[in-house]
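Order of the sequence lines fixes the chain letters, A, B, ..., with proteins taken first and strands second; residue numbering starts at 1 for each chain.
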2 protein chains.
Amino acid sequence: MRISELGQAAGVNADTIRYYERTGLLPAPARQANGYRSYGPLHLERLAFIRHCRALDMPLAEIQQLLDFMARPDAACEGINHLVDAQLARVRARLESMRALERQLAALRGQCDANHTARKCGILHELVAAAHGEACACHPPAKAGKSA
Amino acid sequence: MRISELGQAAGVNADTIRYYERTGLLPAPARQANGYRSYGPLHLERLAFIRHCRALDMPLAEIQQLLDFMARPDAACEGINHLVDAQLARVRARLESMRALERQLAALRGQCDANHTARKCGILHELVAAAHGEACACHPPAKAGKSA
DNA sequence: CTTGACCTTGGTGTGGCTGCAAGGTTTCTA
DNA sequence: TAGAAACCTTGCAGCCACACCAAGGTCAAG
């Protein structure tokens with residue numbers, strides 16, 4: 001299996017596969033005589049696992065830890081639970097701040113209904129006023145999008 | 001007002017202020033005789049506006065556009081509405097995929113309750129099985145976190 | 001024998017910062 | 001008056017998880 005075949009089978013860009021190899025997430029495959037990478041079914045399985053975890057939005061470092069657990073099947077699985085708990089907590093925190101964000105944006109959108117000039121636009125006025133007011137509910141504490 | 005004072009007033013790192021200046025979001029301030037940046041209240045207002053928009057998770061490029069609208073108050077405000085609509089659509093799309101993600105993670109977490117070995121861990125089994133099954137509901141379409 | 005599709009390595013760009021290094025300036029304290 | 005601490009300056013590297021590109025090698029089909 002060459003890299004593009006593996007990529008197609010897993011729905012992954014070939015660059016991404018090479019990136020995973022560089023960062024140690026995917027083991028370096030054997031090479032053909034011409035230097036091309038040669039993959040087997042185990043690589044596909046591992047790659048699919050990685051992609052599934054990425055679909056759950058886990059960082060690569062945590063996926064690496066899960067793979068380490070799989071390599072030592074006799075170890076206690078407590079760490080696995082912790083990893084999933086942490087991910088779930090991150091997702092829930094982001095979910096909450098995104099919900100607040102959605103409310104704020106919807107309210108903001110409601111400030112302007114028709115076509116005015118920018119000078120009279122309720123959205124712009126609201127944004128300026130909210131930025132000015134120190135006790136704005138949103139921008140001191142939660143950074144909305146990315147922070148856990 | 002020096003850079004750290006401005007930063008403290010707006011709750012922003014000084015590096016971030018310099019970054020905004022570099023990228024043209026914040027106008028270059030006057031300099032004192034020693035080369036230190038010297039800010040006035042207008043800078044603070046503009047910076048607060050930027051941070052408020054960032055709290056609404058708008059990309060810097062869109063914030064720049066909003067600032068451009070403010071600079072031309074006689075232009076039609078239609079573009080402003082579009083910007084907010086686009087941001088709202090992005091946020092709602094992410095919200096939806098995050099909700100799906102949260103459900104999946106919660107279900108996954110339910111697979112393991114106590115302390116086993118990794119070999120018997122329901123979470124790990126579930127992850128492997130889900131990655132293996134091609135018709136997995138989550139990982140082909142939605143990339144969850146960051147994609148709009 | 002050429003065309004086109006594949007592969008290789010290495011480098012750069014993305015967004016929104018954050019941190020560091022090396023040096024200059026100011027301010028406070030002993 | 002010296003020295004230390006806290007500021008400031010510029011420029012550059014790193015973060016994450018890739019995507020894209022260039023220059024060149026390889027291979028199968030027409």
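Residue pairs satisfying the salt bridge (Lys or Arg N to Asp or Glu O under 4.0 Å) criterion with at least one member in residues 58-73 of chain A, sequence neighbours excluded, are listed as follows: A/Glu62-A/Arg90.
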Original post:
Yes or no on side-chain contact (heavy atoms from CB on, under 4.5 Å) for B/Gln87 and A/Leu108, after CA distance, side-chain angles and deciding distance?
Top reply: CA-CA 11 Å; B/Gln87 176 64 10; A/Leu108 181 63; over 6 Å; no
Original post:
For A/Cys53 and A/Leu60, what are the C-alpha separation, side-chain angles and deciding distance, and is it a side-chain contact (heavy atoms from CB on, under 4.5 Å)?
Top reply: CA-CA 9 Å; A/Cys53 292; A/Leu60 295 184; over 6 Å; no
**OP:** Just do the salt bridge (charged side-chain N to carboxylate O under 4.0 Å, His left out) check on A/Arg94 and A/Asp57 with the steps written out, would you?
**Re:** CA-CA 12 Å; A/Arg94 275 198 296 188; A/Asp57 208 23; 2.4 Å; yes
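Between A/Asn13 and D/dC18, a side-chain N or O to OP1/OP2 separation shorter than 4.0 Å is absent. Between A/Asn34 and the phosphate of D/dC27, there is a side-chain N or O to OP1/OP2 separation shorter than 4.0 Å. At D/dC18, one or more side-chain N or O atoms of A/Tyr20 fall inside 4.0 Å of OP1 or OP2 (strictly under the cut-off). Distances shown here put a side-chain N or O of B/Arg51 below 4.0 Å from the OP1 or OP2 atom of C/dC17.
Side-chain polar atoms of B/Tyr20 and B/Arg51 form a donor-acceptor pair below 3.5 angstrom.
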Give me, pair by pair, the N or O atoms of the protein and of nucleotides 3-7 of chain C that are less than 3.5 Å apart, along with how far apart they are.
residue: C/dC7; atom: OP1; partner: A/Ser4; partner atom: N; Å: 3.0
residue: C/dC7; atom: OP1; partner: A/Ser4; partner atom: OG; Å: 2.8
residue: C/dC7; atom: OP2; partner: A/Ser4; partner atom: OG; Å: 3.3

What protein N or O atoms touch nucleotides 21-23 of chain C N or O atoms at under 3.5 angstrom, if any, and at what distances?
none

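Smallest separation of non-hydrogen atoms from A/Glu102 and B/Leu88: O-CD1, 3.9 Å.
Atom CD of B/Gln32 is separated from atom C1' of D/dC8 by 10 Å (rounded to the nearest Å). Rounded to an integer number of Å, the gap from CD of B/Glu62 to P of C/dG15 is 12 Å. Nucleotide D/dC16 holds its C1' atom 14 Å from the CD atom of A/Gln87, rounded to whole Å. The CG atom of B/Leu6 sits 15 Å away from the C1' atom of D/dC7 (whole-angstrom rounding). As a whole-Å value, the separation of B/Glu21 CD from D/dG11 P is 12 Å. Protein atom CZ of A/Arg22 is 12 Å distant from nucleotide atom P of D/dA19, rounded to whole Å.
B/Asn81 has its side chain within reach of A/Cys121: a pair of non-hydrogen atoms, C-beta onward, lies under 4.5 Å apart.
Between A/Ala33 and B/Asp15, the residue anchored nearer the 5' end of DNA chain D, judged by the nucleotide with its closest heavy atom, is B/Asp15. Mapping B/Ser38 and A/Tyr19 onto DNA chain D by nearest heavy atom places B/Ser38 closer to the 5' end of the strand.
Closest to the B/Thr16 side chain, of the nucleotides C/dT26, C/dT18, D/dA17, is C/dT18. Set against C/dG19, D/dA17, C/dC17, the side chain of B/Arg54 has C/dC17 as its closest nucleotide.
Only one option out of A/Gln32, A/Glu21, A/His43 pairs with A/Arg37 in a side-chain hydrogen bond (donor to acceptor under 3.5 Å, both in side chains); it is A/Glu21.
B/Thr16 contributes no side-chain N or O that, together with a main-chain N or O of B/Val12, makes up a donor-acceptor pair within less than 3.5 Å.
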